[in-house]
Amino acid sequence: MKKIIFYPVLGLAAALLLTACGNSDSSDSTVPEAETATEAQTEDSLSSVVPSDYLVENAADYITAEGLEGLEVTQYTYEITDEVVQEQIDTILAQMSEETDVDRAAEMGDLVYVELSCSVEGSSGSYSENTYFTLGDADYGEEFDAALVGAAAGETVIFDITYEEGAADETLIEEDWAGATVSFEVEISSVCEVDTPEYNDDWVAENTEYSTTEEYETALRESLEEEYEEQSYADVLDELLTLALASCEISEIPDELYKACREETLNDYASFTNSTDEAEILAEFDLTEEDLESEVQTLAQRRLLISYICEENDIELSGTDYVAYLEEYAAWYGYDTAEEFEEEWGRSYLVWSLYESEAAKILYNFASITTEAYEEVILTDEEAAGLETETTAAAEEDTGASEVETDASEVEAVPENET
């Protein structure tokens with residue numbers, strides 16, 4: 001079976017194919033303001049939205065897309081074991097745990113909040129942050145936790161740890177700490193006892209709609225099976241769009257599409273900062289103009305492909321379809337209304353997400369899909385580095401395959417979706 005890195009399941013929401021954050025509401029004129037739902041709904045309701053207004057008209061004039069039938073992908077199946085169910089239960093119980101500050105020295109099992117400073121032998125730099133550790137979890141190794149046991153709030157502990165080679169595979173330490181001596185200075189900010197609920201029939205009856213742990217675990221297993229299945233499907237849809245884009249030739253990006261994609265990309269970054277100045281955003285995220293341009297081009301090319309597939313397959317969506325889409329995912333993400341969901345994420349972004357899911361379904365219907373059982377493999381640092389190198393090379397090759405060409409030839413249409 002294929003050797004891959006294990007990523008935790010993100011949930012049913014992954015089927016949204018949302019690959020960026022929502023639009024910023026910043027008022028600074030340096031970065032154009034994205035349309036918000038409040039502005040968009042002053043004269044119309046959600047159901048009066050015309051989704052096709054967002055697609056590129058006559059997309060076939062800009063793109064040559066051949067070989068979109070029979071794209072080869074692997075769709076993984078997942079076994080929901082007792083261990084997976086228990087891990088989910090443990091996560092839920094941890095989320096329901098209560099912290100209580102205590103005026104005593106830290107003990108194993110306590111949660112300690114700290115101001116951490118450290119430096120690596122032979123390195124001129126240092127690292128510091130405010131963070132926390134659960135003593136006993138050995139995030140930085142057992143020796144690290146043992147050094148904090150016995151320290152109370154307000155005290156500072158100074159110590160060195162020499163990590164063995166490969167320690168980064170077993171802990172959360174930085175890769176360059178492995179095989180080196182790290183000097184720590186840890187000031188304890190607070191010590192907390194953690195009260196985790198006891199998992200039994202009483203807890204199940206009080207906190208769920210079930211009466212016994214057996215009933216709850218059966219329902220949880222069914223939910224996880226559905227969630228993993230949705231995740232697997234979403235992963236395949238995303239891969240199909242990536243493969244399809246790599247097989248296309250694009251003559252040019254329409255100006256209106258380019259401007260919209262650039263605006264959205266900048267606003268995505270701006271939502272994580274206190275600035276909407278483009279130069280400050282690039283500096284904050286250590287991006288170059290070339291990096292930004294690459295992101296904008298990738299997004300624009302993807303949306304041009306989506307427009308093409310929808311155009312060639314006569315996919316017509318109504319405002320009612322859009323509202324149904326919003327309501328489904330607003331509920332999933334915990335929003336009270338579809339309007340609140342749209343205001344947070346932005347109308348343009350969500351309309352494109354809806355069309356992207358429809359276009360991906362077309363590709364899925366005509367794809368060559370191999371089903372394979374998923375095998376979890378934890379890679380060593382060396383293997384992970386090698387995989388990253390291979391992935392980067394493949395991505396550069398794919399980018400080259402979809403670069404803008406000078407002329408577009410006649411397009412082969414994706415077959416009509418027969419239902």
Return the [atom1] to [atom2] distance between [X] and [Y], rounded to the nearest 0.5 Å.
| X | Y | atom1 | atom2 | answer |
| --- | --- | --- | --- | --- |
| Leu148 | Glu107 | CG | CD | 13.5 Å |
| Leu93 | Thr91 | CG | OG1 | 9.0 Å |
| Glu343 | Leu350 | CD | CG | 12.0 Å |
| Ile92 | Leu220 | CD1 | CG | 5.5 Å |
| Ser47 | Leu326 | OG | CG | 11.0 Å |
| Gln301 | Leu305 | CD | CG | 9.5 Å |

Check this for me, if you would: do [X] and [Y] make a salt bridge, where the nitrogen-to-carboxylate-oxygen distance has to be below 4.0 angstrom?
| X | Y | result |
| --- | --- | --- |
| Asp53 | Arg347 | no |
| Arg303 | Glu356 | no |
| Glu295 | Arg262 | no |

Would you say the side chains of [X] and [Y] form a donor-acceptor pair under 3.5 Å?
| X | Y | value |
| --- | --- | --- |
| Glu342 | Tyr322 | yes |
| Asp160 | Ser183 | yes |
| Ser119 | Ser126 | no |
| Glu340 | Tyr333 | no |
| Asp291 | Thr288 | yes |
| Gln297 | Glu293 | yes |
| Ser275 | Glu280 | yes |
| Thr196 | Ser97 | yes |

Could you report the tightest heavy-atom contact between [X] and [Y], atom names first, then the distance?
| X | Y | value |
| --- | --- | --- |
| Cys248 | Ala244 | SG-O, 3.1 Å |
| Leu68 | Ser247 | CD2-OG, 3.5 Å |
| Pro51 | Ser318 | CG-O, 3.6 Å |
| Gly109 | Val194 | O-CG2, 4.4 Å |
| Ile306 | Ala359 | CG2-CB, 4.2 Å |
| Gln75 | Ser232 | CG-OG, 3.2 Å |

Would you indicate whether the side-chain heavy atoms of [Y] and [X] approach each other to under 4.5 Å?
| X | Y | value |
| --- | --- | --- |
| Val186 | Phe159 | yes |
| Met108 | Val149 | yes |
| Leu363 | Leu241 | yes |
| Tyr140 | Cys118 | no |
| Val84 | Leu224 | yes |
| Trp352 | Tyr54 | yes |
| Asp145 | Thr134 | no |
| Arg302 | Thr242 | yes |

Any residue meeting ring-ring contact (aromatic ring centres under 6.0 Å, His included) with Tyr258, in chain and number order, not counting sequence neighbours: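 ring-ring contact (aromatic ring centres under 6.0 Å, His included) check on Tyr258 returns nothing, list empty.
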
Worked check of ring pair (Phe, Tyr, Trp, His ring centres under 6.0 Å) between Trp177 and Phe144: CA-CA 13 Å; Trp177 294 6; Phe144 180 92; 8.5 Å; no

[X] side chain vs [Y] backbone, donor-acceptor pair below 3.5 Å:
| X | Y | value |
| --- | --- | --- |
| Thr298 | Ser294 | yes |
| Asn365 | Ile362 | no |
| Asn267 | Glu263 | yes |
| Ser251 | Tyr62 | yes |
| Glu311 | Asn58 | yes |
| Thr181 | Ile161 | no |
| Glu155 | Ala152 | yes |
| Ser368 | Glu72 | no |
| Asn313 | Cys310 | no |
| Ser353 | Tyr349 | yes |

Is it true that atom [atom1] of [X] has more than 12 heavy atoms of other residues, nucleotides or ligands lying nearer than 6.0 Å?
| X | atom1 | answer |
| --- | --- | --- |
| Glu142 | CD | no |
| Glu57 | CD | no |
| Glu129 | CD | yes |
| Glu229 | CD | no |

Steps toward ring pair (Phe, Tyr, Trp, His ring centres under 6.0 Å) verdict (Phe341, Tyr329): CA-CA 8 Å; Phe341 181 52; Tyr329 289 103; 7.3 Å; no

Residues Tyr269, Thr273; criterion side-chain contact (heavy atoms from CB on, under 4.5 Å); working and verdict: CA-CA 7 Å; Tyr269 280 113; Thr273 69; 5.9 Å; no

Derivation of the side-chain contact (heavy atoms from CB on, under 4.5 Å) call for Tyr325 and Glu358: CA-CA 11 Å; Tyr325 185 73; Glu358 292 298 317; over 6 Å; no

Tyr374 ring center near Tyr228 ring center (under 6.0 Å):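 No, too far apart.
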
Listed once per pair and sorted, the salt bridge (charged side-chain N to carboxylate O under 4.0 Å, His left out) pairs that draw on residues 77-90, sequence neighbours left out: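 Checked against salt bridge (charged side-chain N to carboxylate O under 4.0 Å, His left out) - neighbours excluded - the pairs reaching residues 77-90 are Asp82-Arg221.
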
Steps toward salt bridge (Lys or Arg N to Asp or Glu O under 4.0 Å) verdict (Glu256, Lys259): CA-CA 5 Å; Glu256 187 175 350; Lys259 291 176 182 177; over 6 Å; no

Intermediate values then yes/no, side-chain contact (heavy atoms from CB on, under 4.5 Å), Ile281 and Phe272: CA-CA 9 Å; Ile281 290 173; Phe272 289 102; over 6 Å; no

Derivation and outcome, side-chain contact (heavy atoms from CB on, under 4.5 Å), residues Ile158 and Thr156: CA-CA 7 Å; Ile158 300 175; Thr156 299; 4.2 Å; yes

